[in-house]
Chemist: 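The structure follows.
Atoms considered below: every heavy atom in the structure, side chains included; atoms not considered: hydrogens, waters and symmetry mates.
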Amino acid sequence: MVRFDEIGYWSELKLEILEKYAKPYSQILSNAREPRLHHVYIDGFSGAGTHLSKETGERIPGSPLRALEINPPFREYFFVDLNSSKVEELRRTVGTQPNVHIYEGDCNRTLLAEVFPKVRYEDYRRGLCLLDPYGLHLDWQVIKTAAELRSIEIFLNFPVLDMNRNVLWRNPHGATPEQRQRMTSFWGNDSWYDAAYQPPGQGVLFGEREPEKQGNEVIAEAFRKRLLDVAGFKHVPKPLAMRNSTHAVVYYLFFACHRPVANKIVEEIFKKYRER
């Protein structure tokens with residue numbers, strides 16, 4: 001029996017934001033006349049399709065079910081998850097639809113080998129991709145490949161809570177090699193260290209100080225620049241800080257794309273949520 005994930009209200013807001021963008025995205029691409037574009041929805045960490053609210057215990061439709069309700073519809077849907085029971089539940093719920101493709105496996109391999117090759121720009125394919133890992137479980141190559149294809153826009157969970165808990169300690173040498181490698185895989189190389197720590201100054205009494213850890217916003221901004229300068233996306237608006245009940249940042253929600261109109265729509269959506 002599947003065990004549904006419990007989510008906080010910040011995750012419910014993320015689902016709202018995804019839905020608010022997916023509707024105009026599908027509308028615009030469905031109305032494209034010549035050439036007719038084949039637009040798809042991709043979810044790298046799809047889960048079972050349903051969540052439970054931490055506050056009420058009620059069932060909440062997850063991103064796969066919400067994407068399937070978008071009208072006009074996407075032409076195809078690609079859902080990936082590593083958890084077999086969640087995949088089985090998703091197949092039971094929506095797997096009979098001919099345009100729904102469900103994969104059990106690591107999205108870092110599945111997206112690159114099975115899904116992204118089906119969304120090539122030169123084939124008039126376009127994709128909206130949600131990358132919502134549970135923590136540092138995403139490889140940079142997935143992000144970079146999406147940018148290189150020029151046909152895929154992404155919403156990305158930048159898991160700063162996992163980073164701070166396991167890697168970005170005030171003592172930069174305290175994290176284990178395994179945790180540091182997770183960070184390197186997500187970031188793309190070890191330049192995360194230079195982004196996260198200010199070079200040490202000279203102590204007054206005790207010699208050289210330890211490097212000073214930067215704040216969350218500084219680290220998120222460094223990653224935003226990587227999405228632009230290294231991955232190659234043309235537009236990456238300032239990410240939206242997703243906060244818990246104590247106002248602590250759980251993660252940053254990034255959006256990256258190549259189209260000015262897409263950037264404008266998401267900037268307007270993010271602005272409304274920032275002003276709440």
Chemist: Can you tell me if NZ on Lys23 sees more than 12 non-hydrogen neighbours from other groups inside 6.0 Å?
Modeler: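 No.
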Chemist: Identify, with sequence neighbours excluded, every residue that meets side-chain contact (heavy atoms from CB on, under 4.5 Å) alongside Ala146.
Modeler: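 So Ala146 forms a side-chain contact (heavy atoms from CB on, under 4.5 Å) with Phe116, Ile152, Ile154, Phe233.
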Chemist: Please identify each residue that fulfils side-chain contact (heavy atoms from CB on, under 4.5 Å) with Thr96, with sequence neighbours left out.
Modeler: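 Not a single residue meets the side-chain contact (heavy atoms from CB on, under 4.5 Å) criterion with Thr96.
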Chemist: Keeping to residues at least two apart or across chains, list the salt bridge (Lys or Arg N to Asp or Glu O under 4.0 Å) pairs with something in residues 182-193.
Modeler: Asp162-Arg182
Chemist: Enumerate, atom names and distances included, each donor-acceptor pair closer than 3.5 Å involving a side-chain atom of residues 259-272, sequence neighbours excluded.
Modeler:
| unit_1 | atom_1 | unit_2 | atom_2 | d |
| --- | --- | --- | --- | --- |
| Arg259 | NE | Glu153 | OE2 | 2.8 |
| Arg259 | NH2 | Tyr21 | OH | 3.3 |
| Arg259 | NH2 | Glu153 | OE2 | 2.9 |

Chemist: Among residues at least two apart in sequence or on other chains, which ones pass salt bridge (charged side-chain N to carboxylate O under 4.0 Å, His left out) with Asp106?
Modeler: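 Partners of Asp106 under the salt bridge (charged side-chain N to carboxylate O under 4.0 Å, His left out) test: Arg109.
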Chemist: Under the salt bridge (charged side-chain N to carboxylate O under 4.0 Å, His left out) test, which residues partner Glu221, sequence neighbours left out?
Modeler: Arg224
Chemist: Taking only residues two or more places apart in sequence or in another chain, which ones pass ring-ring contact (aromatic ring centres under 6.0 Å, His included) with His235?
Modeler: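 Listed in chain order: nothing, the list is empty.
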Chemist: Given 3.5 Å as the limit, does a donor-acceptor pair link the side chain of Ser53 with the main chain of Glu58, or not?
Modeler: no
Chemist: How long is the gap from CZ on Phe79 to CD1 on Ile42, to the nearest 0.5 Å?
Modeler: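 Atom-to-atom, Phe79:CZ and Ile42:CD1 are 10.5 Å apart.
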Chemist: Can you find a pair of side-chain heavy atoms, one from Trp192 and one from Met163, that are under 4.5 Å apart?
Modeler: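 No. Closest side-chain heavy atoms not under 4.5 Å.
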Chemist: Just list the side-chain donor-acceptor pairs under 3.5 Å for residues 59-71, sequence neighbours left out, or say none.
Modeler:
| unit_1 | atom_1 | unit_2 | atom_2 | d |
| --- | --- | --- | --- | --- |
| Ser63 | OG | Asp43 | OD2 | 2.5 |
| Arg66 | NE | Pro61 | O | 2.7 |
| Arg66 | NH1 | Glu19 | OE1 | 3.0 |
| Arg66 | NH2 | Pro61 | O | 3.4 |

Chemist: Using the test side-chain contact (heavy atoms from CB on, under 4.5 Å), find all partners of Tyr134 that sit at least two apart in sequence or belong to another chain.
Modeler: Asp5, Phe45, Asp81, Lys86, His137
Chemist: Can you measure from NZ (Lys20) to CG (Leu15) and round to the nearest 0.5 angstrom?
Modeler: 12.5 Å
Chemist: Please list all pairs passing the salt bridge (Lys or Arg N to Asp or Glu O under 4.0 Å) test where one or both residues lie in residues 228-255, with sequence neighbours left out.
Modeler: none
Chemist: Can you establish whether the number of heavy atoms outside Lys118 located under 6.0 Å from its atom NZ is more than 12?
Modeler: yes
Chemist: Identify, with sequence neighbours excluded, every residue that meets ring-ring contact (aromatic ring centres under 6.0 Å, His included) alongside Tyr9.
Modeler: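 Here no residue qualifies.
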Chemist: Could you work out, with side-chain contact (heavy atoms from CB on, under 4.5 Å) as the rule, every residue matching Tyr121, not counting sequence neighbours?
Modeler: Arg126, Arg150, Ser151
